[in-house]
Protein chains: 2
Amino acid sequence: MDTYQVDDGWEALGDRTRRAIIECLAERPRAVGELAAQLPVSRPAVSQHLKVLKDAGLVIEHAAGTRRIYRLNPAGVGALRDQLDTFWNRALTAYKGVVEQPVEERT
Amino acid sequence: MDTYQVDDGWEALGDRTRRAIIECLAERPRAVGELAAQLPVSRPAVSQHLKVLKDAGLVIEHAAGTRRIYRLNPAGVGALRDQLDTFWNRALTAYKGVVEQPVEERT
DNA sequence: ACGAACGGTAAGCTACTCCTTACCATCGGC
DNA sequence: GCCGATGGTAAGGAGTAGCTTACCGTTCGT
(Lines give C-alpha, C1' and ligand atoms only; values in the text may rest on other atoms or scores of the structure.)
Protein backbone atom coordinates (compact mmCIF):
# COMPACT_ATOMS: atom_id res chain seq x y z
CA MET A 1 0.00 0.00 0.00
CA ASP A 2 2.96 2.28 0.07
CA THR A 3 4.25 1.09 -3.31
CA TYR A 4 3.29 4.38 -4.88
CA GLN A 5 5.92 5.95 -7.06
CA VAL A 6 6.78 8.91 -4.92
CA ASP A 7 8.07 10.60 -8.02
CA ASP A 8 4.60 10.52 -9.47
CA GLY A 9 3.38 12.26 -6.37
CA TRP A 10 5.72 15.19 -6.87
CA GLU A 11 4.86 15.48 -10.51
CA ALA A 12 1.18 15.36 -9.64
CA LEU A 13 1.61 18.24 -7.21
CA GLY A 14 3.59 20.16 -9.78
CA ASP A 15 0.40 21.31 -11.44
CA ARG A 16 -1.42 24.30 -10.05
CA THR A 17 -4.90 22.98 -10.78
CA ARG A 18 -4.14 19.69 -9.12
CA ARG A 19 -2.89 21.47 -6.04
CA ALA A 20 -6.18 23.34 -5.95
CA ILE A 21 -8.00 20.02 -6.09
CA ILE A 22 -5.88 18.72 -3.25
CA GLU A 23 -6.71 21.78 -1.19
CA CYS A 24 -10.41 21.32 -1.83
CA LEU A 25 -10.21 17.68 -0.83
CA ALA A 26 -8.23 18.58 2.26
CA GLU A 27 -11.32 20.38 3.54
CA ARG A 28 -13.63 17.49 2.91
CA PRO A 29 -14.33 14.73 0.40
CA ARG A 30 -16.13 15.87 -2.73
CA ALA A 31 -17.72 14.60 -5.91
CA VAL A 32 -16.25 15.38 -9.33
CA GLY A 33 -18.89 17.89 -10.39
CA GLU A 34 -18.61 19.61 -7.08
CA LEU A 35 -14.89 20.07 -7.57
CA ALA A 36 -15.34 21.32 -11.11
CA ALA A 37 -17.86 23.89 -9.90
CA GLN A 38 -15.20 25.51 -7.75
CA LEU A 39 -12.39 25.40 -10.27
CA PRO A 40 -11.77 27.47 -13.39
CA VAL A 41 -11.60 24.41 -15.63
CA SER A 42 -14.12 22.06 -17.16
CA ARG A 43 -15.37 18.88 -15.56
CA PRO A 44 -13.48 16.56 -17.94
CA ALA A 45 -10.30 18.40 -17.04
CA VAL A 46 -10.99 17.69 -13.39
CA SER A 47 -11.58 14.06 -14.23
CA GLN A 48 -8.22 13.84 -15.92
CA HIS A 49 -6.47 15.47 -13.00
CA LEU A 50 -8.19 13.15 -10.57
CA LYS A 51 -6.92 10.20 -12.55
CA VAL A 52 -3.38 11.50 -12.23
CA LEU A 53 -3.82 12.09 -8.52
CA LYS A 54 -5.30 8.65 -8.03
CA ASP A 55 -2.46 6.98 -9.92
CA ALA A 56 -0.04 8.86 -7.71
CA GLY A 57 -1.82 7.52 -4.65
CA LEU A 58 -2.73 10.96 -3.38
CA VAL A 59 -6.50 10.50 -3.52
CA ILE A 60 -8.98 7.67 -3.15
CA GLU A 61 -12.37 7.43 -4.80
CA HIS A 62 -15.43 5.43 -4.05
CA ALA A 63 -18.79 5.26 -5.75
CA ALA A 64 -21.89 6.68 -4.12
CA GLY A 65 -24.89 6.32 -6.37
CA THR A 66 -24.17 8.00 -9.66
CA ARG A 67 -21.45 10.06 -8.06
CA ARG A 68 -17.87 9.32 -7.25
CA ILE A 69 -16.60 10.76 -4.03
CA TYR A 70 -12.92 11.61 -3.89
CA ARG A 71 -10.92 12.24 -0.77
CA LEU A 72 -7.28 12.59 0.19
CA ASN A 73 -5.26 9.48 0.80
CA PRO A 74 -3.33 10.04 4.03
CA ALA A 75 -0.82 7.36 3.08
CA GLY A 76 0.13 9.02 -0.18
CA VAL A 77 0.38 12.50 1.27
CA GLY A 78 2.31 11.11 4.19
CA ALA A 79 4.88 9.51 1.89
CA LEU A 80 5.69 12.84 0.31
CA ARG A 81 5.79 14.44 3.71
CA ASP A 82 8.34 11.93 4.92
CA GLN A 83 10.57 12.46 1.94
CA LEU A 84 10.42 16.22 2.31
CA ASP A 85 11.16 15.76 5.98
CA THR A 86 14.35 13.98 5.09
CA PHE A 87 15.48 16.80 2.83
CA TRP A 88 14.59 19.28 5.50
CA ASN A 89 16.59 17.55 8.20
CA ARG A 90 19.61 17.17 5.99
CA ALA A 91 19.35 20.78 4.98
CA LEU A 92 19.34 21.83 8.62
CA THR A 93 22.35 19.69 9.36
CA ALA A 94 24.29 21.11 6.46
CA TYR A 95 23.12 24.56 7.43
CA LYS A 96 24.52 24.24 10.93
CA GLY A 97 27.96 23.64 9.52
CA VAL A 98 27.88 26.97 7.73
CA VAL A 99 26.05 29.14 10.21
CA GLU A 100 29.11 31.11 11.14
CA GLN A 101 28.58 33.52 8.28
CA PRO A 102 25.45 35.70 8.08
CA VAL A 103 23.70 34.30 5.07
CA GLU A 104 21.65 36.72 3.05
CA GLU A 105 18.51 34.68 2.80
CA ARG A 106 16.91 36.27 -0.17
CA THR A 107 18.83 37.47 -3.18
CA MET B 1 12.71 36.06 4.97
CA ASP B 2 10.04 33.69 3.98
CA THR B 3 7.68 35.31 1.46
CA TYR B 4 8.55 32.70 -1.08
CA GLN B 5 5.69 31.78 -3.33
CA VAL B 6 5.06 28.31 -2.05
CA ASP B 7 3.45 27.53 -5.38
CA ASP B 8 6.74 28.13 -7.09
CA GLY B 9 8.29 25.61 -4.76
CA TRP B 10 5.85 22.92 -5.80
CA GLU B 11 6.32 23.63 -9.45
CA ALA B 12 10.08 23.55 -8.97
CA LEU B 13 9.86 20.11 -7.39
CA GLY B 14 7.57 18.96 -10.15
CA ASP B 15 10.53 18.32 -12.40
CA ARG B 16 12.44 15.08 -12.09
CA THR B 17 15.85 16.59 -12.80
CA ARG B 18 15.33 19.31 -10.24
CA ARG B 19 14.39 16.74 -7.64
CA ALA B 20 17.63 14.94 -8.43
CA ILE B 21 19.49 18.19 -7.86
CA ILE B 22 17.72 18.66 -4.55
CA GLU B 23 18.68 15.16 -3.50
CA CYS B 24 22.31 15.82 -4.39
CA LEU B 25 22.28 19.04 -2.42
CA ALA B 26 20.65 17.31 0.51
CA GLU B 27 23.80 15.27 0.90
CA ARG B 28 26.11 18.23 0.81
CA PRO B 29 26.57 21.57 -0.93
CA ARG B 30 28.01 21.32 -4.41
CA ALA B 31 29.28 23.39 -7.30
CA VAL B 32 27.45 23.57 -10.62
CA GLY B 33 29.89 21.46 -12.59
CA GLU B 34 29.92 18.90 -9.85
CA LEU B 35 26.16 18.58 -10.05
CA ALA B 36 26.19 18.34 -13.82
CA ALA B 37 28.77 15.56 -13.65
CA GLN B 38 26.31 13.39 -11.73
CA LEU B 39 23.27 14.15 -13.80
CA PRO B 40 22.27 13.01 -17.27
CA VAL B 41 21.93 16.56 -18.57
CA SER B 42 24.35 19.25 -19.69
CA ARG B 43 25.81 21.89 -17.45
CA PRO B 44 23.74 24.74 -18.88
CA ALA B 45 20.62 22.72 -18.17
CA VAL B 46 21.72 22.42 -14.56
CA SER B 47 22.32 26.15 -14.45
CA GLN B 48 18.78 26.79 -15.65
CA HIS B 49 17.33 24.42 -13.09
CA LEU B 50 19.34 26.02 -10.33
CA LYS B 51 17.93 29.38 -11.29
CA VAL B 52 14.41 28.02 -10.93
CA LEU B 53 15.23 26.45 -7.59
CA LYS B 54 16.83 29.63 -6.37
CA ASP B 55 13.84 31.74 -7.40
CA ALA B 56 11.61 29.31 -5.54
CA GLY B 57 13.75 29.76 -2.45
CA LEU B 58 14.73 26.13 -2.26
CA VAL B 59 18.46 26.64 -2.69
CA ILE B 60 21.02 29.28 -1.83
CA GLU B 61 24.22 29.96 -3.70
CA HIS B 62 27.42 31.69 -2.79
CA ALA B 63 30.56 32.32 -4.75
CA ALA B 64 33.81 30.53 -3.94
CA GLY B 65 36.55 31.46 -6.31
CA THR B 66 35.47 30.73 -9.82
CA ARG B 67 32.86 28.30 -8.54
CA ARG B 68 29.43 28.83 -7.15
CA ILE B 69 28.44 26.58 -4.34
CA TYR B 70 24.77 25.70 -4.02
CA ARG B 71 23.09 24.26 -0.98
CA LEU B 72 19.57 23.64 0.24
CA ASN B 73 17.69 26.47 1.87
CA PRO B 74 16.07 25.08 5.02
CA ALA B 75 13.52 27.90 5.06
CA GLY B 76 12.20 27.11 1.61
CA VAL B 77 12.06 23.39 2.11
CA GLY B 78 10.46 23.93 5.50
CA ALA B 79 7.69 26.03 4.00
CA LEU B 80 6.69 23.22 1.68
CA ARG B 81 6.92 20.77 4.52
CA ASP B 82 4.55 22.82 6.61
CA GLN B 83 1.98 23.05 3.87
CA LEU B 84 2.14 19.34 3.19
CA ASP B 85 1.80 18.79 6.90
CA THR B 86 -1.44 20.72 6.87
CA PHE B 87 -2.84 18.62 4.06
CA TRP B 88 -1.79 15.49 5.84
CA ASN B 89 -3.43 16.44 9.11
CA ARG B 90 -6.64 17.44 7.41
CA ALA B 91 -6.63 14.21 5.46
CA LEU B 92 -6.36 12.25 8.66
CA THR B 93 -9.13 14.27 10.26
CA ALA B 94 -11.42 13.87 7.30
CA TYR B 95 -10.61 10.20 7.21
CA LYS B 96 -11.67 9.78 10.81
CA GLY B 97 -14.91 11.59 10.16
CA VAL B 98 -15.75 9.36 7.26
CA VAL B 99 -15.05 6.22 9.17
CA GLU B 100 -17.26 7.24 12.02
CA GLN B 101 -20.11 8.74 10.08
CA PRO B 102 -21.76 7.67 6.84
CA VAL B 103 -20.71 9.91 4.02
CA GLU B 104 -24.23 10.60 2.79
CA GLU B 105 -24.35 13.66 5.01
CA ARG B 106 -22.75 16.17 2.77
CA THR B 107 -22.46 16.07 -0.97
C1' DA C 1 49.14 39.87 -18.24
C1' DC C 2 47.74 35.54 -20.41
C1' DG C 3 45.44 31.23 -20.45
C1' DA C 4 42.44 27.95 -18.36
C1' DA C 5 38.60 26.79 -15.49
C1' DC C 6 34.05 27.74 -14.19
C1' DG C 7 29.45 29.08 -14.98
C1' DG C 8 25.54 32.17 -16.59
C1' DT C 9 22.74 33.50 -20.86
C1' DA C 10 20.78 33.42 -25.74
C1' DA C 11 18.50 31.03 -29.41
C1' DG C 12 16.14 27.31 -31.19
C1' DC C 13 13.93 22.88 -31.43
C1' DT C 14 11.26 18.88 -29.68
C1' DA C 15 8.05 16.94 -26.94
C1' DC C 16 4.76 16.87 -23.66
C1' DT C 17 1.15 18.87 -20.66
C1' DC C 18 -3.21 20.74 -20.05
C1' DC C 19 -7.44 22.29 -21.82
C1' DT C 20 -11.69 21.97 -24.63
C1' DT C 21 -15.61 19.76 -27.13
C1' DA C 22 -18.01 15.66 -28.25
C1' DC C 23 -19.41 11.20 -27.14
C1' DC C 24 -20.54 7.15 -24.40
C1' DA C 25 -21.42 4.24 -20.18
C1' DT C 26 -23.62 3.68 -15.77
C1' DC C 27 -26.83 4.40 -11.97
C1' DG C 28 -31.23 5.87 -9.77
C1' DG C 29 -36.06 7.47 -9.81
C1' DC C 30 -40.48 7.34 -11.86
C1' DG D 1 -38.40 0.57 -19.58
C1' DC D 2 -37.20 5.60 -19.92
C1' DC D 3 -35.10 9.64 -18.75
C1' DG D 4 -32.08 12.70 -16.24
C1' DA D 5 -27.89 13.05 -13.72
C1' DT D 6 -23.15 12.02 -13.20
C1' DG D 7 -18.68 11.21 -14.80
C1' DG D 8 -15.02 8.72 -17.55
C1' DT D 9 -12.75 8.68 -22.27
C1' DA D 10 -11.33 10.12 -27.13
C1' DA D 11 -9.46 13.42 -30.23
C1' DG D 12 -7.28 17.50 -31.23
C1' DG D 13 -4.91 21.90 -30.58
C1' DA D 14 -2.28 25.80 -28.17
C1' DG D 15 1.08 26.81 -25.17
C1' DT D 16 5.21 25.93 -22.66
C1' DA D 17 8.92 23.40 -20.33
C1' DG D 18 13.30 21.37 -20.77
C1' DC D 19 17.33 20.17 -23.44
C1' DT D 20 21.20 21.29 -26.54
C1' DT D 21 24.87 24.08 -28.77
C1' DA D 22 27.21 28.37 -29.00
C1' DC D 23 28.90 32.36 -26.86
C1' DC D 24 30.57 35.56 -23.32
C1' DG D 25 32.01 37.29 -18.73
C1' DT D 26 34.62 36.49 -14.48
C1' DT D 27 38.15 34.64 -11.47
C1' DC D 28 42.47 32.28 -10.30
C1' DG D 29 47.21 30.56 -11.21
C1' DT D 30 51.59 31.28 -13.11
Side-chain angles (χ1 to χ4, degrees), chain A residues 5 7-25 28-73 104 106-107, chain B residues 5 7-25 28-71 73 102-107:
Chain A
Q5 294 294 12
D7 270 8
D8 293 343
W10 292 116
E11 277 160 29
L13 284 184
D15 181 71
R16 192 175 281 268
T17 302
R18 283 196 288 268
R19 279 197 306 281
I21 291 177
I22 291 291
E23 290 193 42
C24 275
L25 294 181
R28 58 183 167 80
R30 290 173 202 257
V32 179
E34 196 179 356
L35 284 169
Q38 308 192 5
L39 294 170
V41 297
S42 68
R43 187 191 51 71
V46 173
S47 256
Q48 291 162 7
H49 283 310
L50 285 171
K51 179 179 171 61
V52 174
L53 290 170
K54 195 175 67 173
D55 287 347
L58 293 178
V59 304
I60 300 174
E61 57 105 14
H62 74 102
T66 71
R67 305 186 212 172
R68 299 193 160 254
I69 308 299
Y70 284 80
R71 62 182 175 79
L72 285 194
N73 178 11
E104 19 126 20
R106 283 242 329 147
T107 320
Chain B
Q5 294 295 8
D7 269 9
D8 292 344
W10 292 117
E11 277 161 29
L13 285 185
D15 180 72
R16 191 175 282 266
T17 302
R18 282 195 289 267
R19 278 197 307 280
I21 292 176
I22 291 291
E23 290 193 45
C24 276
L25 294 182
R28 59 183 167 80
R30 289 172 201 259
V32 179
E34 195 179 357
L35 283 169
Q38 309 192 3
L39 293 170
V41 297
S42 68
R43 187 192 50 72
V46 173
S47 256
Q48 290 161 9
H49 284 310
L50 285 170
K51 178 179 172 58
V52 173
L53 290 170
K54 195 175 68 173
D55 287 347
L58 293 178
V59 304
I60 301 174
E61 58 106 15
H62 73 102
T66 70
R67 304 191 206 165
R68 299 193 161 256
I69 309 298
Y70 284 80
R71 60 183 176 80
N73 178 10
V103 80
E104 327 284 340
E105 299 279 336
R106 189 60 188 97
T107 15

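Values reported hereafter were calculated over all heavy atoms of this structure, with side chains retained and with hydrogens, waters and symmetry mates removed. Every chain is numbered from 1 and lettered A, B, ... according to where its sequence line falls, protein lines coming before strand lines.
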Using whole Å, report how far CZ of B/Arg16 lies from C1' of C/dA15. 16 Å
Is any side-chain heavy atom of B/Arg71 less than 4.5 Å from a side-chain heavy atom of B/Leu25? no
Is the closest side-chain heavy-atom distance between A/Leu72 and A/Val59 below 4.5 Å? yes
Atom-to-atom span, NE2 of A/His62 to P of D/dT6 - whole angstrom: 16 Å
Rounded to whole Å, please give me the gap between CG in B/Asp55 and P in D/dA17. 13 Å
Between C/dC19, D/dT9, C/dG7, which one does the side chain of B/Arg68 approach most closely? C/dG7
Bend of the helix from C/dA1-D/dT30 to C/dC30-D/dG1 from end-axis comparison, five pairs per end, nearest 10°, comes to 30°
Any side-chain N or O of A/Tyr70 below 4.0 angstrom from OP1/OP2 of D/dT6? no
Distance in angstrom units between A/His49 NE2 and D/dG8 C1', rounded: 15 Å
Of all the choices, C/dG8, D/dT20, C/dC18, which nucleotide is nearest to the side chain of B/Ala45 once you look at every atom? D/dT20
Without decimals, in angstroms, what is the distance between A/Asp15 CG and C/dC16 P? 17 Å
Would the base of D/dG8 count as contacting A/Arg43 through its side chain, where contact means a donor and an acceptor less than 3.5 Å apart? yes
Nearest whole Å is fine: how far is D/dG7 P from A/Ile21 CD1? 13 Å
Picking from C/dC18, D/dA22, C/dT20, the nucleotide nearest the side-chain atoms of B/Pro44 would be D/dA22
Do A/Glu34 and D/dT6 have a side chain to base donor-acceptor pair shorter than 3.5 Å? no
Of the candidates D/dG7, C/dT20, C/dG7, the side chain of A/Val32 sits closest to D/dG7
Atom pair CG/CD of A/Leu53 and A/Gln48 - distance to nearest 0.5 Å: 12.0 Å
Report the distance from atom CD of A/Glu23 to atom CG of A/Leu39, rounding to the nearest 0.5 Å. 10.5 Å
Which is true for A/Arg18 with a 4.0 Å heavy-atom rule: it touches a base, it touches only sugar-phosphate, or it touches nothing? sugar-phosphate
Considering heavy-atom distances to DNA chain C, does A/Thr66 or A/Thr17 have its closest nucleotide positioned more toward the 5' end? A/Thr17
So B/Ile21 and B/Leu50, do their side chains get closer than 4.5 Å, heavy atoms only? yes
Send over the distance from B/Arg30 CZ to C/dG7 C1', rounded to a whole Å. 17 Å
Nearest heavy atom decides the nucleotide; on that basis, is A/Glu11 or B/Arg67 closer to the 5' end of DNA chain C? B/Arg67
So does B/Gln48 reach the base of D/dT20 with its side chain, donor to acceptor, closer than 3.5 Å? yes
Is A/Arg43 reaching over with its side chain to a backbone N or O of A/Ala36, donor-acceptor style, under 3.5 angstrom? no
Do A/Val52 and A/Asp15 have side chains that get closer than 4.5 Å, going by heavy atoms? no
Can you spot which of B/Arg30, B/Arg67, B/Lys54 makes a salt bridge (charged side-chain N to carboxylate O under 4.0 Å, His left out) with B/Glu61? B/Lys54
Considering every strand and a 4.0 Å limit on heavy-atom distances, what is the contact class for B/Ala31: base, sugar-phosphate, or nothing? sugar-phosphate
Output the rounded distance in Å from CG (B/Leu39) to C1' (D/dT20). 16 Å
